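Comments concern the structure below.
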Amino acid sequence: MAKFRKIGILSSGGDAPGMNAAIRAVTRRALSQGIEVVGILGGYAGLLGAADESDPDVIRAKYLRPLDTRSVSNIVTRGGTMLYSSRCPEFKTEAGMAKALKTCHEHEIDAVIAIGGDGTFRGATDLTNHGIPSIGIPGTIDNDITATDQTIGFDTALNTALTMIDALRDTAESHARCIVTEVMGNGCGFLSLYLGIATGAISIAIPEMPFDRAYAINRIRDAREKHGKRGIIAICGEGMPDINGVKYGQDFADEIAASTGIDTRFTKLGHIIRGGNPTLRDRLTATQMGVEAVNMLLEGRSNLVMCVTENRITSVDINFALVLDRMYKNKLKDGDLEGFTGYQLAQMKARCEARHAKIKRLYGISYDICM
Ligand code: F6P
């Protein structure tokens with residue numbers, strides 16, 4: 001069993017409901033194994049900040065918080081992250097890494113567990129390569145980590161947005177309006193797709209699928225004129241490209257109004273779906289991933305991303321996960337595929353195909369059902 005004096009835990013990038021449950025699980029599992037835990041505040045920026053500071057009280061208050069079992073009481077129910085979060089470009093520089101290592105060495109942080117998205121995992125692999133074994137836990141509402149079926153926060157964001165879009169339908173119905181609703185997700189349309197189906201949206205625009213606006217507008221016109229539909233919801237993923245500097249959803253709403261005469265509004269759900277108490281599913285996934293991440297470190301394994309595969313908690317190598325993501329997003333860089341076995345490359349391709357197929361299948365369903 002690998003020996004660690006202290007594990008550092010941090011959350012980085014956009015916060016996601018369930019991050020706290022993961023922090024709690026990591027902390028309590030590590031403590032149960034006699035390992036100290038320190039919360040690194042504000043993501044990787046905390047590691048850098050602590051290196052510049054010499055006053056121990058300031059370090060504790062601003063950058064590094066020792067965690068005991070009571071420090072993580074009552075957080076399993078809470079959204080956000082008790083360790084705070086940030087995006088930290090400086091960490092990617094050599095000087096930034098030097099500061100991070102200085103903090104780890106001075107404060108006896110022998111390993112790091114980092115919760116976040118792909119940027120967070122790049123940081124974790126850099127730390128591993130510099131001698132601090134690290135493991136990533138996928139925490140982002142976007143569900144845009146190709147290696148895992150589910151990221152922590154996705155389920156909660158879906159349920160929060162579901163309630164909000166249902167509420168929009170009430171007012172759309174009362175006023176016989178169409179409401180084009182923009183949903184977060186960065187370049188990933190999963191939130192929009194699931195929500196569009198579950199809320200009965202008449203159209204769903206996501207970056208992964210071609211969107212036929214003329215067809216969608218005809219459906220909206222028919223729904224009103226031929227089928228007497230009053231309240232109409234159209235979902236638009238945040239990752240759809242702006243049109244002449246105007247948000248895609250706003251532009252689409254304007255066109256619906258102009259060409260059908262239907263009173264149409266544009267609404268952006270925005271950051272509100274990133275907060276709120278995590279659902280049971282997110283708490284359970286986060287807890288299992290947190291415990292397993294510590295177990296992996298104890299087994300002497302690192303440079304991994306925790307995943308959900310067919311409802312089981314699994315893990316893959318971080319480099320595999322990052323390259324797989326770039327393959328899925330058509331963003332492979334020269335040399336990316338070097339060093340992987342034929343079997344691994346086949347696994348990556350199969351994973352990309354399965355994900356594309358899932359989106360296509362769900363998109364097809366939405367077209368048949370939502371009228
Ligand atoms: O990755 C989570 C996410 O909420 C995305 O859906 C969104 O595009 C982005 O973060 C917003 O980032 P910020 O909070 O920095 O505005």
Side-chain angles (χ1 to χ4, degrees), residues 10-22 41-46 78-92 114-124 136-165 180-196 204-208 235-242 246-250 266-279 282 285-286 289 305-307 321-322 325-326 328-329 331 355 359:
L10 61 84
S11 44
S12 156
D15 62 341
M19 281 183 164
N20 279 327
L41 302 183
Y44 290 109
R78 305 284 303 274
T81 160
M82 68 165 280
L83 298 179
Y84 316 131
S85 193
S86 69
R87 306 185 201 273
C88 178
E90 197 196 338
F91 185 68
K92 292 183 194 144
I115 313 167
D118 54 356
T120 309
F121 303 152
R122 274 191 291 276
I137 294 182
T140 163
I141 63 164
D142 298 342
N143 204 32
D144 62 347
I145 307 294
T146 314
T148 180
D149 294 343
Q150 187 203 334
T151 56
I152 296 168
F154 178 56
D155 190 59
T156 307
L158 283 173
N159 283 289
T160 305
L162 188 78
T163 307
M164 298 174 74
I165 299 170
V180 178
T181 310
E182 186 192 277
V183 177
M184 264 194 178
N186 207 351
C188 178
F190 264 118
L191 281 165
S192 293
L193 185 55
Y194 279 32
L195 285 164
I204 305 169
I206 54 173
E208 292 92 333
I235 300 286
C236 173
E238 168 193 51
M240 291 296 284
D242 288 358
V246 177
K247 292 235 124 221
Y248 192 96
Q250 177 70 69
F266 171 65
T267 303
K268 182 176 160 175
L269 300 186
H271 285 77
I272 200 153
I273 70 166
R274 228 161 77 178
N277 298 354
T279 56
D282 276 331
T285 306
M289 284 186 171
V305 177
M306 304 311 300
C307 298
L322 292 174
D325 249 351
R326 291 202 285 275
Y328 179 73
K329 291 166 190 163
K331 289 184 178 167
R355 205 166 161 99
I359 290 181

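Order of listing sets the numbers, starting from 1, for every ligand and every atom in it. We count residues from 1, following the sequence as given. Since the model is a prediction, treat every value here as computed from it, not as a measurement.
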Do Thr151 and Thr285 come close enough that some side-chain heavy atom pair is under 4.5 Å? no
Strictly by modelled atom types, are Thr156 and Asp282 linked by a side-chain donor-acceptor pair under 3.5 Å? yes
Residues at least two apart in sequence or cross-chain that pass ring pair (Phe, Tyr, Trp, His ring centres under 6.0 Å) with Tyr194, listed by chain then number, are Phe154, Phe190
Just by distance, no angles: are the side chains of Thr279 and Asn159 close enough, under 3.5 Å, to form a donor-acceptor pair? no
For ligand 1, what is the set of protein residues having any non-hydrogen atom at a distance below 4.0 Å? Arg87, Thr140, Asp142, Met184, Gly185, Asn186, Glu238, His271, Arg274
Pairs satisfying side chain to side chain donor-acceptor pair (under 3.5 Å), at least one member in residues 182-193, at least two apart: Glu182-Lys247
Asn277 meets the side chain to side chain contact (heavy atoms under 4.5 Å, CB included) criterion, sequence neighbours left out, with Arg283
